Amino acid sequence: MSLYEPRKSEIKWQKRWEESGLYKTNFKDTKHQKYYNLVMFPYPSGDKLHIGHWYGYAPADSWGRYMRMKGFNVFEPMGYDSFGLPAENYAIKHGVHPAVSTQKNIDYMRKQLMAMGTMYDWTSEIQTSAPEYYKWTQWVFLQLYKKGLAYRKKAPVNWCPNCQTVLANEQVQDGTCERCGAEVTKKDLTQWFFKMKEYAEKLLNYEGLNWPEKTRMMQENWIGKSIGSEIVFDIADGSTKKPIGKTVTVFTTRIDTLFGCTYMVLAPEHPLTLEICTREHRKNIVDYIEKTKRENDIVRSSETREKTGVETGAYAINPVNGELIPVWTADYVLASYGTGAVMAVPAHDERDYAFAKKYKLPIKEVIIPKKGKSNIDEFAFTEDGVLVNSDEFDEMNSLEAREKITKFLKSKGKGKFVVQYKLRDWLVSRQRFWGAPIPIVYCDKCGEVAVPEKDLPVKLPMKVDFTPKGESPLATCPDFVNTTCPNCKGNAKREVDTMDTFFCSSWYYLRYPSANEKDIPFDEKRINKWLPVDMYIGGPEHACMHLIYARFICKVLHDLGYIDFNEPFKTLVHQGLITKDSAKMSKSKGNTVSPDEFIEKYGSDVFRMYLMFMGPYSEGGDWNDSGIKGIARFVDKFYDLIYTKSTLEDEKTLKCTLHKTIKKVGEDMEKFHFNTVVSSLMEFTNTAKRTGIDDDSKKQIVKLIAPIAPHLAEELWENLGGGESIFNTTWPEYSDKLTASDTFELVIQVNGKVRAKTNVSKDISEEEAINTAKSSNNVNAYLEGKQIIKAIYVPGRIVNIVVK
RNA sequence: GCCGUGGUGGCGGAAUUGGUAGACGCGCAGGACUUAAAAUCCUGUAUGGCUAAAACCAUGUGAGGGUUCGAUUCCCUCCCGCGGCACCA
């Protein structure tokens, strides 16, 4: 057996590919259709490439190679998301400057990526922490600023006490920091925001996108659209019960229950809470607001917690019937959603019901089920139904009543239809060092002034004490802070916060095709031709962070007229998770698998192929140390089959299997079912060992394995005298005639149970098939003494005889 | 609770539009080669029954029901795993 030497071959081909510039994209090529194949770029954290990187990148590269062989001009770039906490924390831990460690880590990571044998176009590499990149990140910021989509505001924001910085809503998961897992608290700070909320509706449109259902649902859930009404309540004085000239607006999706509203609740943070409360309740209210402030969101949003609240003493007037209802404050009402105030209808809302029971507030039934009965004494009835106790709206169903009541209030100026979203504006300021400075200065005379585009980049200074201290480290650097106003040339101070790194990565896919352009963020003509990204591959954990931000920024730049597409990623595929013993790999559990030792032993092709063999790509698989041996054996077998001389003994079987394999491999590649691609190639190899194989078939099958084992394929291709790189050849085509053989195995069932199998000609007629079936061995016994009711023939497959 | 997704041998997984369940691989068992081991090759491998061995028979895709000549696939009810959201009025 001729033994393949993977390491030797891999080094040889990687060198040749680089020297010949095989993977450098020709952007001016007009003969081939473009194909932008992109993977989510990594953080250079200083760790070695882990199995997740490999699983993300290697199969994605196989896809790119396949598309290249299918005749597309494939652009497959790579870069580094090099600003941000992973890089900064690494630097702090090792006591080096992030600029130094990041560069070192990138250089190391690049080497590792190259050793994977991927076809990245390294001439288009980007690093988000390089001034020539973040210059354009700042430019994008300025475009948003100029159009009023970036604003500065004091607001209660999420604060990670561990990372010592604020976080966007998307980066708080289950009340903890997305990066470090620490519990997030609230802080009142003046921060920069992007008006993402304005794009909520646009972000709900997925037209023309080929995205996983799951991801779309997660985003829709996150954006959280609900359609309802706003109602204006006049506030009445606690003792005189007369209007005091103030109003509270509430949002509800169930205006049909308005007649059942027996009290109102304001969020403790609501500005009117303190203002309207009566003297005897004031102390309670102040205490309650203070108590709320001390509690974090995890405690506050726990559903098992009993609801609490206090009376303000004031009343609200129900605009539909003039009823006076007490106004309470309670922390189960969120200040940040809707209007921060709700009308409480205990009979028809579970939360209000629990609260009303606890504080002995009245429960008034105004909706009854269409069928059956509700039991208001025991629990709330929350579904739609028919209105009762609602004056002229009685007997309407909920749907109709929502429309009618809103219109009625609208005519009195007391209400309107409204759409609410859970999505909030994107908080982009960070109190950390290792990020792109926000290009704004504050002038004593002119106030807030944008840095002119010609002065970009606002460079991140290097001589700074960058340890996190809760305020931006840049504030301690006078050379950076003190500047002159671009307007009046007077004294000014720079913004000292840096930008969320998710902002750096929200537009990077636009930069790749113009990575070498110095004077523009992107070559308009080129990106309008090369974008959107045709295939985007990465982990599902980015569904409600990076993938929302990237869509948002793309839509903004589209609306500002810079680009002519409004979605960044046409097709999205998530890689699954590779587990060990069915558990998530983690350093703390000590069940990680280090790729390096396996690559040393078996080579990167085998490693890649084993990852692809473990399961369907989007479902991942379970790693097994000895499983990879099967792939190594297969590679040896395959190499031997192609490398050694062979006599073709059974041409018919071989050709038929070959064409079936071409068909199957192509179909499965398109579905990202790489596991069955590998198994079909194994089946072919097993067959060809028996039948023998000719040189032409060898060439075809080597092409089929090329995307998933590129080095092996190049080696064999050269050996077969195939000429220039196999990746400049085209994908084989199959012939339908050859995929089918002349005979097939007819399965004979009696009452749906298999009783016999027999080989018959594929041209057999229905009658012949049924007759063959009836006269087959072992079938007779089941027909004897029975009455044949009918016989079903499925051409090419099966005969089922039904007897009684 | 809501949304999504999945449940198939000892293990990873395969199975077109409803048409032979368990492809391919791992592991395991037996054999060949070897002084021996590793590597490699060959044979077997869902479970149970009957066999000297096969043929053959029964059961079997989370559980129960339904539709159908025929269900891993379609429908209903339920259980469990995974991912996300979660007092959003």
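The structure displayed is predicted, hence computed values, not measured ones. Chain naming here is simple, since letters A, B, ... match the order of the sequence lines and numbering starts at 1 in each.
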In chain order, what residues pass the salt bridge (Lys or Arg N to Asp or Glu O under 4.0 Å) check against A:K416, with sequence neighbours excluded?
none

Can you sort out the partners of A:N780 under side chain to side chain contact (heavy atoms under 4.5 Å, CB included), two or more places apart, ordered by chain and number?
none

Which of residues 678-688 of chain A have a heavy atom under 4.0 Å from RNA chain B?
A:S679, A:M682, A:E683, A:N686

Would you mind listing every salt bridge (charged side-chain N to carboxylate O under 4.0 Å, His left out) that reaches into residues 605-626 of chain A, with sequence neighbours excluded?
A:D61-A:R608

Go along nucleotides 64-69 of chain B 5' to 3' and tag each nucleotide: B for a protein heavy atom under 4.0 Å from its base, S when only backbone or sugar atoms are that close, - otherwise.
-----B

A:W623 vs A:F607 aromatic rings, parallel, tilted or perpendicular, using cut-offs 30° and 60°?
tilted

Would you list the protein and nucleotides 59-61 of chain B atom pairs, both N or O, that sit under 3.5 Å from each other?
from  : atom 1 : to     : atom 2 : distance (Å)
B:U59 : OP2    : A:K753 : NZ     : 3.4

Measuring to OP1 and OP2 of B:A58, would you say a side-chain N or O of A:R755 lies under 4.0 angstrom away?
yes

Residues at least two apart in sequence or cross-chain that pass salt bridge (Lys or Arg N to Asp or Glu O under 4.0 Å) with A:R254, listed by chain then number, are A:D256, A:D384

Only counting residues at least two apart or in another chain, list the ones meeting ring pair (Phe, Tyr, Trp, His ring centres under 6.0 Å) with A:F355.
A:Y263, A:W328, A:Y332, A:Y359

When you check every protein heavy atom under 4.0 Å of nucleotides 2-17 of chain B, what one-letter string (B, S, -) results, 5' to 3'?
-SS-------BSS-B-

Indicate, yes or no, whether a donor-acceptor pair under 3.5 Å links the base of B:C85 to the side chain of A:K422.
no

Under 4.0 Å, counting only non-hydrogen atoms across every strand here, what does A:Y782 touch: a base, just sugar-phosphate, or nothing?
sugar-phosphate

Of all pairs that satisfy side-chain hydrogen bond (donor to acceptor under 3.5 Å, both in side chains), the ones with a partner from residues 216-228 of chain A, not counting sequence neighbours
A:E170-A:W222, A:E201-A:K225, A:Y206-A:Q219, A:Q219-A:R551, A:S226-A:Y337

At under 4.0 Å between heavy atoms, what does A:E745 touch on the DNA or RNA strands: base, sugar-phosphate, or nothing?
base

Could you check whether any side-chain N or O of A:Y617 sits under 3.5 Å from a backbone N or O of A:G56, counting only pairs where one atom can act as donor and the other as acceptor?
yes

Can you list every stem that RNA chain B is part of, counting only runs of 3 or more consecutive Watson-Crick or G-U wobble pairs with both distances under 3.5 Å?
B:1-7 with B:79-85, B:10-12 with B:24-26, B:27-32 with B:40-45, B:46-49 with B:56-59, B:62-66 with B:74-78

N/O-N/O pairs, protein side and nucleotides 27-30 of chain B side, under 3.5 Å:
from  : atom 1 : to     : atom 2 : distance (Å)
B:G27 : OP1    : A:K629 : NZ     : 3.3

Is the distance from OP1 or OP2 of B:A89 to the nearest side-chain N or O of A:Y332 less than 4.0 Å?
no

